[in-house]
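Remember, it's a predicted structure, so these values are computed and weren't measured experimentally.
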Amino acid sequence: MMRTEEGTTVELGPAKDIPHSDDITRPDNSPKKEKKKIQFHMANKVNIIPTNRQGQLNTGYLATLGGVLKIAEIILSFIAFVLAICADRRTTTAAWTEHISFETLLIVSGLLLGYVVFPHLTIKDEATREGLIVVELIFYGVNTLLYFISIWLMVHLSASWGTDGRGAAIMTAVICVALTVLFAIETVVKLKAWRGENEPQTVIQAGNAQA
């Protein structure tokens, strides 16, 4: 209650707490700093292996004709390389076989590893398959001729008098015959595959054509 100067009494209501300026919550109108997220567009990335074939090894290729031939070629090329060195690596005839066998050993091992690690190379609908067939066709065709030459070079070396490694030269010639046969088979297989890739998929019959 409060009494005025005139003597009247004025009743005041209950005291209210006046909020201080510090207690007033002001809306935060300051712009929030948003973190920029770096987005990578995976669609622009080149997929070496298709998504549905990732995490797989094409071990089933080792049981196919191509896989068995390549395993045999790797083993025989390594044996021919060692025997060519044992025959007489100082002569040009043995050096020829030595270099050819080492070259085919590396390339065939790379091809076999590629077929196992990159399974999409054996998929018929893959666009890169035809290019790989052409590369293998040229490789096997050329090396078939080179191994055929190696046969006669090693036979000539084994027939030479005074050669210490005559037995190694004879065995190298026999293995070169086997490699020539294997590479010729691969050449024929790749030639048929290349022709099959370029055959038309649809055949238009004359009886069904409408004028």
Applying side chain to side chain contact (heavy atoms under 4.5 Å, CB included) to Phe139 and Val108, what does each step give before you reach the verdict? CA-CA 10 Å; Phe139 167 74; Val108 175; 3.8 Å; yes
Mind checking side chain to side chain contact (heavy atoms under 4.5 Å, CB included) for Ala184 and listing every partner two or more places apart, or none if nothing turns up? Thr144
Those residues that, when tested against Leu146, pass side chain to side chain contact (heavy atoms under 4.5 Å, CB included) (two or more places apart): Trp96, Ile100, Val142, Asn143
Group every Ile, Leu, Val, Met, Phe, Trp and Tyr by side-chain heavy-atom contacts under 4.5 Å, then state whether [X] and [Y] land in the same group.
X: Phe183; Y: Ile71; answer: yes
X: Leu191; Y: Tyr140; answer: yes
X: Val68; Y: Val116; answer: no
X: Ile138; Y: Leu69; answer: yes
X: Ile151; Y: Met171; answer: no

Does [X] reach the side chain of [Y], with side-chain heavy atoms less than 4.5 Å apart?
X: Tyr61; Y: Leu112; result: yes
X: Phe148; Y: Val177; result: no
X: Lys70; Y: Glu186; result: yes
X: Tyr115; Y: Leu132; result: yes

To the nearest 0.5 Å, tell me how far [X] [atom1] sits from [Y] [atom2].
X: Ile175; Y: Leu179; atom1: CD1; atom2: CG; answer: 7.5 Å
X: Thr172; Y: Ile170; atom1: OG1; atom2: CD1; answer: 9.5 Å
X: Trp194; Y: Ile133; atom1: CH2; atom2: CD1; answer: 10.5 Å

Pairs under 3.5 angstrom only: tabulate donor-acceptor contacts from the side chains of residues 75-83 to other protein residues two or more places apart or in another chain.
| unit_1 | atom_1 | unit_2 | atom_2 | d |
| --- | --- | --- | --- | --- |
| Ser77 | OG | Glu73 | O | 2.6 |
| Ser77 | OG | Thr104 | OG1 | 3.3 |

Please name the pair of heavy atoms, one in [X] and one in [Y], separated by the smallest distance, quoted to 0.1 Å.
X: Thr97; Y: Cys176; answer: CG2-SG, 3.7 Å
X: Ala84; Y: Ala94; answer: O-CB, 3.6 Å
X: Leu65; Y: Val189; answer: CD2-CG2, 4.3 Å
X: Met154; Y: Ala173; answer: CB-CB, 3.8 Å

Check for a donor-acceptor pair, side chain of His156 on one end and backbone N or O of Trp152 on the other, with a separation under 3.5 Å.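 Absent.
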